[in-house]
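Quick note on labels: first sequence line is chain A, next is B, and so on, each numbered from 1.
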Amino acid sequence: MQLTLTSENRLDLNHTLTSGQTFRWERIGEWWYGVVGRNVLKLKQNNSKLVFESYPEEVDKELIRSYFRLDDNLSSITRKIRKDKVISEAISSFEGLRIIRQNLWECLVSYLCATNSNIKVITQMISNLCRKFGKRIVFEGREFYLFPESKALARATLSDLTDCRLGYRAPHLRHTAQQIENGSVNLHEIMRLEYEQARRNLLGRSPGGKTLLGIGPKAADCILLFSMEKLESFPIDVWIKRLILEKYRHLFEDKFLHRLASTKSLGGGVYVATADRMRSYFGRYAGYAQEYLYSYARTRLAKVTYSM
DNA sequence: GCATCACCTAGAGG
DNA sequence: ACCTCTAGGTGAT
């Protein structure tokens, strides 16, 4: 099957799949292989043609369209977020980079695992989880695994999870899986709320403690952006922090910049204030701006540690 | 609220 | 060989 891209729904598969949003895609030769929902997907792009296959079920164009958010009018969005020279250069360097529409549960687990880690290690953790708890599918002689159901992770023993090299995240993940499984947290309901309200729910505290262990402001923003349709969400990780301290100082007061620079990990207050400012600057598609800036920062910015 | 600290892990650099 | 640091942070005190 194939799908024709137009200037309205331009897509760059490589930029999109290497942007650190998802941890489940692998490039083998000229094809990208990944697992989406119940199927293995195999994709390649020739200019405006997107060729795809799937297994075991045949997926239709609509699934591809939805997954890569091809209904977002990218040229209109980039026009709206192109506020300055920095973002402008980022957009030009990564044309066709899109936000991927991820599954709620998979996204939650992925970003719970992503705390204080790096892409390579995160990919390994997720892969271990899928191999241990997900359904196996053999396609073209290769093994693939579906993403495990919440039930499977809620029932998992702690040692099964630590075997997946999750480290201190293992009890967080099990607790979170149990909250989902017993219905005390309903991701679909949270998704229906407005950004602020949804974020409060993800970070929420209940009398007994935190509802979703392992989910802080950064992880919450990623979940909101990648799986809850909150395109205004602007997650701040170390790369975006570096970029802000280098290129967007003028948006903040000196005193605040000093605080931002001096804290190794962004505490709640500093994080929220920074993210709020960036959201108000870029507007309702701030999340797209963040993705372009993130790719730009990772490839262009020198690695400097800001500690004053 | 706000700092400080501990925490799994793999890999790089001294 | 060993340390130390870093990497898409969060939770407890």
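Taking atom CD on A:Q290 and atom C1' on C:dG8, their separation rounds to 9 Å, with Å as the unit. To the nearest angstrom, C1' of C:dG11 lies 17 Å from NZ of A:K218. Taking atom CG of residue A:D237 and atom C1' of nucleotide C:dA7, one finds them 10 Å apart after rounding to whole Å. Atom NE2 in A:H258 sits about 16 Å away from atom C1' in B:dC2, given to the nearest Å. A:L260 has its CG atom 12 Å from the P atom of B:dA3, to the nearest Å. For the pair A:Y271 OH and C:dT10 P, the interatomic distance rounds to 8 Å; values are reported in whole Å. Here the P atom of nucleotide C:dG9 and the CZ atom of A:R242 are 10 Å apart, to the nearest Å. Look at CD1 on A:I122: it is 13 Å from C1' on B:dC8, rounded to the nearest Å.
For A:R298, the listed nucleotide lying nearest its side chain is C:dG8; candidates were B:dC7, C:dG8, B:dA10. For A:K120, taking side-chain heavy atoms from C-beta onward, the closest of the listed nucleotides C:dG8, B:dG11, B:dC8 is B:dG11. Nearest to the side chain of A:H172, among B:dT9, C:dG9, C:dG11, sits C:dG11.
To the nearest whole angstrom, the two P atoms, one in B:dA3 and one in C:dG8, are 23 Å apart. Between C:dC2 and B:dC8, the two P atoms lie 23 Å apart (nearest whole Å). The separation of B:dG1 from C:dG9, taken at their P atoms, amounts to 24 Å, rounded to a whole angstrom.
Note: A:H250 and A:Y281 have perpendicular aromatic rings, judged against thresholds of 30 and 60 degrees for the angle between ring planes.
Using a 4.0 Å cut-off, no side-chain N or O of A:R259 falls inside it from OP1 or OP2 of B:dG1. Dashed line: the shortest gap from a side-chain N or O of A:R169 to OP1 or OP2 of B:dC8 is not under 4.0 Å.
In this structure, C:dG8 is classed as syn because its glycosidic torsion stays within 90° of zero.
Counting any heavy atom pair closer than 4.0 Å across all strands shown, A:S19 reaches a base atom. A:A219 comes within contact range of the sugar-phosphate backbone alone, with a heavy-atom separation under 4.0 Å but no base atom that close. Using a 4.0 Å heavy-atom distance criterion, A:L161 is classed as making no nucleic acid contact. Looking at heavy-atom distances under 4.0 Å, A:L213 makes contact with sugar-phosphate atoms alone, never a base.
Salt bridge absent: A:R279 and A:E232 never bring a charged side-chain N and a carboxylate O closer than 4.0 Å.
Contact of A:Y294 with C:dG8 (side chain to base): a donor-acceptor pair of N or O atoms is detected under 3.5 Å. On a pure distance criterion of 3.5 Å, no polar donor-acceptor pair joins the side chain of A:Y111 and the base of C:dG9.
Nearest-nucleotide mapping onto DNA chain C: of A:A220 and A:V121, the residue sitting toward the 5' end is A:V121.
Pair check for C:dA1 finds none; no Watson-Crick or G-U wobble contact set falls under 3.5 Å. With both pairing distances under 3.5 Å, B:dT9 is matched to C:dA7 as a Watson-Crick or G-U wobble pair.
The two residues A:L13 and A:Q45 come nearest to each other via the heavy atoms N-OE1, 2.9 Å. Nearest heavy-atom pair, A:L231 versus A:L225, reported as atom, atom and distance to 0.1 Å: CA-CD1, 3.8 Å.
Remark: A:E149 CD is loosely packed, at most 12 non-hydrogen atoms of other residues, nucleotides or ligands lying under 6.0 Å away.
The residue from A:R284, A:R192, A:R101 that alone fulfils the salt bridge (Lys or Arg N to Asp or Glu O under 4.0 Å) condition with A:E229 is A:R101.
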